[in-house]
Structures are given as C-alpha cells and as structure tokens.
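Each ligand, and each atom within it, is numbered from 1 in the order the structure gives.
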Amino acid sequence: MSGRKLTRQQQWRIDKVQNERNERAQRKDRKVDNSLEEGLLTEPHAGLVTAHFGRQVEVEALDGHLQGQRQRCHVRANVESLVTGDYVSWRPHQTPEENGVVESRQPRRSLLARPDMRGVMKAIAANVDQLLLVIAPEPEPHANLIDRYLVAAEHTDIEPILVINKWDLMQEPQRLTAAQQSHINGLLETYRQLGYRVLITSAYQQQDLQQLQDNLRDRISVFVGQSGVGKSSLINHLLPGVDLRVGSLSEDTRKGRHTTTTAKLFHFPQGGQLIDSPGIREFSLGYLQPEDVAQGFMEFRPFLGLCRFRDCRHQQDPGCALKQAVEEGKIATTRFASYHHIVQSLQPE
Ligand code: GDP
Ligand code: ZN
C-alpha cells in the first residue's frame, strides 16, 4: 500500500464499514448474553481452535466431560484475532449443533505468518512447535529453498526439521545421476553438521514412517515444501482415513459458506497434532531486512558485528569477518552464496 492520504470520501467509506462491523459484533455479543442468561451456555472451559470460518471458529474441548468434542463458536468482540492452534477459554453451548462462545485467548508460544497478496503479513497458525521441511532427490530442491525456510523459522520460535523424503530413490542408481546423489548427500551432511535435525524417509517404508511418528508426538507440526516432494503421501499415511481436501470442503458447504483454504488441526492417531491447509504448505519467507537474513544463518552469528565497516555488505568489502570465516572453512561456501542470493531477492525491483 502506498502512504498517500485517503480522500474524505474514502475515509468515510472505511468508517462506515468499520461501524457496521462493530454493530454486527455487538449484536452477536447481545445474543450471546441472552444465551448466558437463559443458562444455555455452560461454564468456561479450556479449548483449542481447530479451524477458522470467517468470523467463527471451531473449538475443541480440552477438559471436562466434553473433552475431544468440537463446536462452532462465536467470538466475543473484545477477543483479539484468532487462528488455528490458539488456546482459548470458551463456553460450550448445551446443544452441540448450536454455537458456543470464545471469551478469551491464551498467550501464544509461536506464530506462523506469511505475506498475503498485497504483501501484508497475515497470521496463519499459532503455537506450532515444529516446521517439517520436506525435500526430495526428485524434484530437485529449488536453489536456496532450504535456507529460505530455515531463515524464516529462525525468526519464529518454531523448530525446523529437515525431512529428506523419497530416500528409496537413492538406492536406485538408474533413477538418479551421480551428481544428484552427491547433491543430496551434501545437503544431509551440511545441515546435520549445523545441528539441525534431519530425518530420512520414504513414504513407502513402514519403518521410516514410524520414526517420523516418533518425532511428531506431543507436538504441533506443520509440513512445508515444494510440490511433488511427497508431503501428501506422508500425511496420508500418518492420518489414515482423513481426506484433507474433501474434509475442508464439506465443512464449508454444510452451512453454505464459501470455500476457504483455512488451516485445520488434526490429531495423529499415534500422538501429536498437524496443522495443515493447501496454502500453509507453501509458507514462504516474509519481509525481512538483510540483517535479519544474516541472523537466520545460525553459523554466521559469532561473526556478525565483527566486520570492519558497520554497513558491510559482506561482498568485496575489506575487513569482512564473514568472508574471512568462509576462507577459514568456518562457514560453508554454499551457505554464504545462498545468503547473498536471498538478500538479493529481497531487494525491491
Ligand atoms: P506433494 O506435492 O508434496 O504433496 O507430493 P505427493 O505426495 O503428491 O507426491 C508426489 C509424487 O511422489 C507422487 O507420485 C508420489 O507417489 C511420489 N512419492 C511420494 N513419496 C515418495 C517416496 O517416498 N518415494 C518415491 N519413490 N516416491 C514418492
Ligand atoms: Zn562483512
């Protein structure tokens, strides 16, 4: 958005929309108050937001006799915006088909956000513990893809885990060239050395899936990565019987709502939760400053601030501490090149 002033008419229109919105919210709140007086809403419970539909949310009961059940809810006008994964205090309605009400939101451990079409950051999921970044020997990972995700994850409190899927292809020399094989082995080596968790999987190997399940227990996970690497295959094995796409569509049409690609929360039968949506899988780097990018490369951190010039761009600048670290083998050349690539891609056209 440009910074130009709004005309009086534009401002008037914005105010009008805002007022109408407030009035609607107040009307809803009054309806909720009536239900409260009539004793239709039960006492407050702990809940978890499992989906989001326009101004309503679906909440799962975390305690009491309703535990595990879900109900659509109005959100009190004074509650800050909610996303899937938010912990809330809510009052279930006595009739399961009716709407409960969310009264407050708990503090968030983490927040996953991404830029919308206009470049404004939008929250998509809260309290995610780990980001499973899936890559495969085929399709070959886009340049810098891994580092882009890692930088983004380093700026949230979400732990990234690298999942190298389709490992079975590595045992089929006729499917991959020697260069492709050594590229993947190189990635494995680089990221393990940096201390990132790296899992090797094949969606067809029961043993691998079990190991993956062990890494998903007790945590809220999100799967990301480029198309074709096997995210759907992995998730379908981990969540048997749940058709992710069909699930979200029928949920919407039931009450005649327009289709939404909102993130939904699922429970793995073996423990742990998944937040997923078609959009979330392509979660990308937000709008970061070059300094933020350097911070996102964890092995750069000991050298940041040590360059001779404060505005060092770590290119041909004399006295660059990062360049020296690369020459001394303390920073991998591939990671350094990747850093420059990402910074360049952030420059406005
Ligand atoms: P997504 O786009 O990331 O969701 O990827 P899909 O799950 O749709 O998988 C893309 C293709 O890769 C499909 O043809 C899968 O059958 C295949 N695929 C997925 N996982 C594996 C695997 O571990 N090994 C092999 N060889 N193929 C796989
Ligand atoms: Zn420098």
Q.
Any salt bridge linking D276 with K231? Criterion: basic side-chain nitrogen under 4.0 Å from a carboxylate oxygen.
A. no
Q. How wide is the angle at the Zn ion (ligand 2) between SG in C307 and SG in C320, to the nearest 10°?
A. 110°
Q: Would you please say whether a donor-acceptor pair under 3.5 Å links the side chains of H93 and N99?
A: no
Q.
Under a plain distance cut-off of 3.5 Å, with no hydrogens placed, do N144 and S338 share a side-chain donor-acceptor pair?
A. yes
Q) How many degrees, to 10°, between C312 SG and H314 ND1 as seen from the Zn ion (ligand 2)? A) 110°
Q) Would you call D317 and R308 a salt bridge, using N to O less than 4.0 angstrom? A) no
Q. Can you find a side-chain donor-acceptor pair between E103 and S89 that sits under 3.5 Å?
A. no
**Q.** Criterion side chain to side chain contact (heavy atoms under 4.5 Å, CB included) on L188 and W167, from CA distance to verdict
**A.** CA-CA 11 Å; L188 175 67; W167 195 260; 4.0 Å; yes
Q. List by chain and number: which residues place a heavy atom under 4.0 Å from ligand 1?
A. N165, K166, D168, L169, S202, A203, Y204, Q226, S227, G228, V229, G230, K231, S232, S233
Q: Go through R175 and E138 one step at a time and tell me if the salt bridge (charged side-chain N to carboxylate O under 4.0 Å, His left out) criterion holds.
A: CA-CA 9 Å; R175 291 285 302 271; E138 203 187 66; 3.2 Å; yes
